[in-house]
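This report concerns only the one structure given below.
Quick note on labels: first sequence line is chain A, next is B, and so on, each numbered from 1. For the numbers below, each heavy atom of this structure counts, side chains included, while hydrogens, waters and symmetry mates do not.
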Amino acid sequence: MEYNFREIEKKWHAVWAEQQTYRVTEDAARPKFYVLNMFPYPSGAGLHVGHPLGYIASDIYARYKRQKGYNVLNPMGYDAYGLPAEQYAIQTGQHPAITTVNNINRYREQLDKIGFSFDWSREVRTCDPQYYHWTQWAFERMFESYYDRRQDRACPIFELEAAFSAHGTEGVDAACSEDLTFTADEWNGWDSVKRQQVLMNYRIAYLGETMVNWCPKLGTVLANDEVVEGVSERGGYPVVQKKMKQWCLRVSAYAQRLLDGLDTIDWTESLKETQRNWIGRSEGTEVEFTVKDSDVHFTIFTTRADTMFGVTFMVLAPESELVAQLTTDTQRTEVDAYLEATKKRTERERIADRRVTGVFTGSYAINPFTGEAIPVWVSDYVLAGYGTGAIMAVPAHDSRDYAFARHFGLPVIPLIEGCDVSEESFDAKEGIVCNSPRPDVKPYVDFSLNGLTVKEAIAATKKYVSEHHLGRVKVNYRLRDAIFSRQRYWGEPFPVYYKDGMPQLIPEDCLPLELPEVKTYEPTESGEPPLGHAARWAWDTEARCVVDNTRIDNCTVFPLELNTMPGFAGSSAYYLRYMDPHNDKALVSAEADNYWKNVDLYVGGTEHATGHLIYSRFWNKFLHDYGYSCTEEPFQKLVNQGMIQGRSNFVYRVKDTNTFVSLGLKDGYDVTPIHVDVNLVENDVLDLDRFKAWRPEYATADFILEDGKYVCGWAVEKMSKSMFNVVNPDMIIERYGADTLRLYEMFLGPINQSKPWDSNGIDGCARFLRKFWNLFFDADGAFCVSDETPAKESLKTLHKLIKKVSEDIEVFSYNTAISAFMIAVGELASQKCRSRQVLETVVTLIAPFTPHVAEELWQRLGHTATVCDAPWPAFDEAYLKEDTVTLSVSFNGKTRFTMDFPADASNADVESTVLASEQAAKYLAGMQVVKVIVVPKRIVNIVLKK
RNA sequence: GCACUUGUGGCGAAAUUGGUAGACGCGCCAGACUUAGGAUCUGGUGACUUCGGUCGUGUAGGUUCGAGUCCUAUCAGGUGCACCA
């Protein structure tokens, strides 16, 4: 009987859907296992063969775990808010919701064909009000919280209010935007608006005036991870720095916990390293500098406290508030001109053009160690957002300071014995400190670092600075708070209205606050976000509902927030929602959360390393602080699937003709390579008729063939429409079936490696499945298995397979597992194995990989239950025992011959037998045996000398 | 510049973790069955070779009876971060 994958796959898709085979419920009697894929953004282009790679890998694992007896949660949903749908809406006027639903339907259709074990009853869509209810809810919880550094967790903001009312800032250690100090009397004397302004400094979701990445072309701000090399990640438009009032999340408060958590989770080292870089912890010292002839003083941050004696100037960031204070009248014009010029430069320009610029403020700071007056400059190489926005410059030991000093002729004082700073700075943190203090300068403080190593000197300075109240030890993080506002339509609305200019929350029981309809999706004429077009977008505090804007002058009606939330809002806690997707009382019930806990296996690409994977961890930690999520880390194990690149094909057109020359002959002509649709090419051979039909201009094309074929050139490029190299899984499934697609995608290589899609090998997988199918049918095509006792060799083949496949799945080495299947099927075929016992077990083993064919054979074998619940077979070492083992015999490391031994032969037996053997005699002649090494079951090496 | 990561046939890749390098698949070669083959089946396929062997895992050293695997240096590709003081 023919292997008819079309019929088989169609049949089982219907059965699985009808019987809800993959539906799961919490079951305390069984251990849980939570498998998760990063949910897709449903783009208009549909799925290409790269998308299912991770889904197939996780599906195999999910099915395997289910057969192992776990209660497996394997959900799927859609990250449905996003820019493309909105851009499309701006162009066509079509509501993004319509575009999104269409795309989702297309995705679903494609996904269904591949035979995943998703529990679709748990599907979530981030744009669904029932879903974003809980995104808004989480935002409200963050607004109502501050981060208590003492307890190292988020706490309700009313506790902070109570503390302020009782004793002001005294005794409070809370994460904040700006260090404030006030007394209880001051606090109690302030009015409500002033208090709200102060609290905003502490809230975890806060409204802050911050420098943002503004993309004029997109009309919105972008998060740091959405900006790549000074242009927007989507669209590649220029991004400028701009000061704006924005919603922010105090992610920075969690920096240390985000860093520490990495040690507790099973992610690849490179991904953890990427996050460590992004968090950018740096231990250093804050030192206070006073300004000469002034009562102004300011703080700098340094990791090189050992270089205090070599400071020759100070630099402020142009954005620093100190600039205005320190600029003297004589320097004012020059400084203002510099600030103006700097403002005009975009991030991109600053990166592209790293010339040394700066200007003297006219003020001098006093070095607290040497008492010297050192000039204070302004330069854009100092960043406002890091440290204190001010630095002490040590040109001898920092290359940026060095470049600045050389450019402006400032002194350079070396502080490491024997270092040469005539050409460049000595940046390495090593060597013996000297010139600290310098012999020619009268010591200002009774403190010397001379003779210490850099490391010792840093420690000594930290100690000294702390003890003498010149500064403090400080840990800085590069991680910045996440900007949480977007000036877009297609996103979650903030559950916020404004009263007296201060944001107020929509009551929790009124959520969700649904996204209103708008006339157009562009910004308003006054530059407000698209929600400014909404006619019904005001909040009536009395009626507790959304009302018409025109009623705003009514004293109970207030304007609603016009910004929406960014893409990462909806994806930050979706894994929790899958646990309990229809709950309308909570994000997730405590019971569901306690059962499913966190994701055991998360599969997705590395591109989210500094975006979603940081935000999600932050979000979860916040929810964990309140007990809404019972685990500290959301994703226990993370597997990164590699990207599938495209493999483009080229034809070579002879210049100024309509003649195309085959790859091997093209060197004889002047040719232009042209991308040709890879779907017209098979094994790099062009289908001439379909090529002619592809484009009207090729209808009359001529070809110069080699061996009667037109061979195309190829290159590995990104998979994209414009390169004509997009391979759609539907076409593969149509031709080979979903099981072959699944098998082939996994056979391509290790899942974590990027590789080009290349259909050339797919026939091998199709052939294998046919051979596998044929094991169950006799020459006449009748289904044929026997209940006879299987041959010993078949059992050996089987148990070898069980062992290998079980081990390989555990470590995601699917390509080698599939190789093992190929070998086993070949062996069983040549053994003419018809044993039900053996064949049935092979079906249960292959079921995670090729569920459709396994299900069909399982049914034909007489089972009524699904193969998904067939228990995973145990392997028995007894079948793998060999009677004899073959050892390689080497002399001085060179293998000369092999010998057979009984499997239980002792090393001593082996040694004496080998030495006495005829084959060995010729190598032993005239030699002396120094040593004999016997590696059990492998090798015998005899070391000889003359 | 810093960090991480990968280098093995014509190609995708294996290698029991220090023990016969190249499993398995593609491609290629030969044969069988065929009117036909882009179908199916069987066998062969790292390089050189005087057919005894010799050389082979980016390059150069080292440790070891034995190295793709461990150590040192170096080269090349990929990814991430990057005026972070």
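- OP1 and OP2 of B/rA85 both lie 4.0 Å or more from every side-chain N or O belonging to A/Y381.
- Using a 4.0 Å heavy-atom criterion, one finds that A/I933 contacts the bases of the nucleic acid, with or without backbone contacts as well.
- Comment: A/K931 does not engage A/E911 in a salt bridge, judged by the lack of any side-chain N to carboxylate O separation of less than 4.0 angstrom.
- Residue-level contact check: A/R276 touches neither bases nor backbone, having no heavy atom under 4.0 Å from any strand.
- In this structure, A/I391 reaches the bases: a heavy-atom distance under 4.0 Å links it to at least one base atom across the strands shown.
- At the heavy-atom level, A/K771 lies under 4.0 Å from the strands shown only through sugar-phosphate atoms.
- Mapping A/T274 and A/F301 onto RNA chain B by nearest heavy atom places A/T274 closer to the 5' end of the strand.
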Query raised in the report: Between A/Q256 and A/R281, is a side-chain hydrogen bond (donor to acceptor under 3.5 Å, both in side chains) present by the stated rule, with each step listed?
Result: CA-CA 8 Å; A/Q256 189 60 47; A/R281 182 190 154 100; 2.4 Å; yes
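- Within the 4.0 angstrom heavy-atom criterion, only backbone atoms of the sugar-phosphate kind lie near A/P750; the bases stay farther away.
- When the side-chain nitrogen and oxygen atoms of A/Q275 are compared with OP1 and OP2 of B/rG80, none of them lie within a distance under 4.0 Å.
- Salt bridge A/E734/A/R6: present, at least one basic N to carboxylate O contact under 4.0 Å.
- Taken to the nearest 0.5 Å, the CD1 atom of A/I846 stands 4.5 Å off from the CZ atom of A/F821.
- A close approach under 4.0 Å does not occur between any side-chain nitrogen or oxygen of A/R938 and OP1 or OP2 of B/rU20.
- Toward the 5' end of RNA chain B, the nearer of the two residues A/L748 and A/V943, judged by each one's closest nucleotide, is A/L748.
- Residue A/S270 is classed as a sugar-phosphate contact, given heavy-atom separations below 4.0 Å to backbone atoms only.
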